[in-house]
Amino acid sequence: MLIHKDFNLQDHHSFGVSVKSEYFSSVGSLEELQRALQYASDKRTPVYVIGEGSNVLFTKDFPGLIIKVAFTGVEIDQSSGVVRVAAGENWHSLVTTCMNSGLHGLENLALIPGSVGAAPVQNIGAYGVELASFVKNVRGLDISSGEPFVLNASDCRFGYRDSIFKKPEGANLLVSEVTLQLQEDWLPDLSYSLLDKEFCETPVETPQELFSIVCRIRRRKLPDPKIIGNAGSFFKNPFVSASSLERLKVRHQDIVWFDTDNEDIKKISAAWLLEKLGWKGRKHGGAEVSSVHALVLINAADASGKELSVLAQHMVTSVLEEFGIVLEPEVSIL
Ligand code: EPU
């Protein structure tokens with residue numbers, strides 16, 4: 001295991017901004033992880049853990065050790081549908097492997113950037129489906145005590161882009177492995193309206209077709225982080241009360257919103273709010289709002305992390321002023 005000093009993180013996070021960490025280590029096993037943690041403890045330096053860095057914005061150099069979790073391995077038990085995956089595996093490759101092995105459920109989550117270890121932290125979701133529905137348990141290490149942990153799905157306290165791993169009590173829990181329960185029977189979730197529109201053109205009869213449609217929509221609507229730096233949706237869709245939504249509808253009949261499990265709470269499309277305010281294509285230095293999707297900030301021309309965060313802050317302010325709604329970032333800003 002190598003500890004690099006004064007390390008440029010540009011190739012290790014999807015915004016691709018040029019920032020450095022004081023130390024960097026890519027760890028391939030629990031033993032290497034423990035050695036890296038010991039190094040940080042000896043140096044009394046802070047630690048931040050990344051997978052593929054697809055949900056983080058570095059606004060300045062990191063004064064500590066960045067640990068990249070690079071554990072690999074996928075174990076599929078075909079008869080039970082149980083899949084154990086190491087945290088450093090790529091999420092989209094896992095979706096493809098499971099589908100090709102005849103285990104289903106993950107097709108709607110195709111092409112989400114990032115690693116398997118980051119998936120439960122964010123409770124990744126797309127096109128009507130969230131990871132939470134498939135999690136059997138999550139294993140890892142409490143990096144403050146060095147103790148291993150195993151949490152079942154309810155212990156993970158999954159919510160919309162949320163989990164125990166994002167709360168103070170879970171902040172020290174590093175995910176090393178995720179176990180999923182998938183199905184041989186294909187029970188597709190086709191509830192998301194955008195999918196509906198695509199089905200009018202291509203009726204979906206197989207998991208492979210659903211997978212291809214999801215990939216097609218994502219390629220059309222979201223810039224590929226390998227080509228243009230971005231972290232997908234920068235903000236979460238905000239929740240408002242049903243009565244606030246009714247008031248908003250008086251002035252904005254075309255507002256886009258979604259029902260939630262609670263009939264008094266509605267989810268508003270943050271992309272709609274931002275597009276309405278003319279944010280698509282607007283720039284701040286090298287940072288830009290995607291002209292295809294208003295919720296996506298891109299590193300258009302050698303942006304600094306600061307430029308991206310200032311642009312994001314201007315967006316938050318304008319939504320608050322015009323709609324009285326607070327947008328919260330989905331991306332971790334460091
Ligand atoms: N819309 C606009 N302007 C835009 C884009 C979208 O008005 O520029 C409106 C359209 O009416 C569209 C609706 O917003 O139909 C919803 O757009 P989209 O389907 O792209 O979904 P989203 O709510 O913006 C969420 C997730 C995405 C996920 C999609 C599909 C969040 C924060 N984002 O976006 O996840 O792919 O739904 O399920 O919940 C991510 O988390 O990084 C991410 C990309």
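All of these numbers come straight from a predicted model, not from anything done at the bench. Each ligand, and each atom within it, is numbered from 1 in the order the structure gives.
Taking every non-hydrogen atom of W272 and a distance limit under 4.0 Å, the qualifying atoms of ligand 1 come out as 2 (C), 7 (O). Ligand 1 places these atoms under 4.0 Å from at least one heavy atom of V256: 11 (O). Close approach to A294 involves these atoms of ligand 1, each under 4.0 Å from a residue heavy atom: 4 (C), 8 (O). Near R218, meaning under 4.0 Å from any of its heavy atoms, are these atoms of ligand 1: 36 (O), 44 (C). Atoms of ligand 1 lying under 4.0 Å from any heavy atom of L295, numbered from 1 in the order shown and given with element: 24 (O). Near Y160, with a cut-off below 4.0 Å to any heavy atom, the atoms of ligand 1 are 31 (C), 32 (C), 39 (O). Contact atoms of ligand 1 toward E330: 31 (C), 32 (C), 40 (C), 41 (O), 42 (O) (distance under 4.0 Å to a heavy atom of the residue). With ligand atoms numbered from 1 in the order given, ligand 1 contributes 2 (C), 3 (N), 4 (C), 7 (O), 8 (O) to contacts under 4.0 Å with heavy atoms of E275.
The nearest non-hydrogen atom to atom 42 (O) of ligand 1, considering only S233, S54, G125, comes from S233. Considering only non-hydrogen atoms, atom 22 (P) of ligand 1 lies nearest to N237 out of N237, V331, N55.
A salt bridge links R251 with E322: the distance from a Lys NZ or Arg NE/NH1/NH2 to an Asp or Glu carboxylate oxygen falls below 4.0 Å. Under the 4.0 Å criterion applied to side-chain N and carboxylate O atoms, R157 and E169 are assigned as salt-bridge partners.
Heavy atoms from other residues, nucleotides or ligands lying under 6.0 Å from NZ of K136 number 12 at most.
The shortest N or O to N or O distance between G232 and ligand 1 is not below 3.5 Å. For ligand 1, none of its N or O atoms has an N or O atom of K236 under 3.5 Å away.
With sequence neighbours excluded, the residues forming a side-chain contact (heavy atoms from CB on, under 4.5 Å) with S29 are E31, E32, listed by chain and number.
Relative ring orientation between H104 and W186 is described as perpendicular, the plane-to-plane angle rising above 60° on a 0-90° scale split at 30° and 60°. Taking the six-membered ring where the residue is Trp, Y48 and F58 present perpendicular rings, their angle passing 60° and hence far from 30°. Aromatic ring orientation, W272 versus F323: tilted (interplanar angle from 30° to 60°). A perpendicular orientation is assigned to the rings of Y160 and F239, their planes being inclined by more than 60° (bins at 30° and 60°).
At least one heavy atom of R161 sits less than 4.0 Å from an atom of ligand 1.
There is no side-chain donor-acceptor pair under 3.5 Å between N262 and T260.
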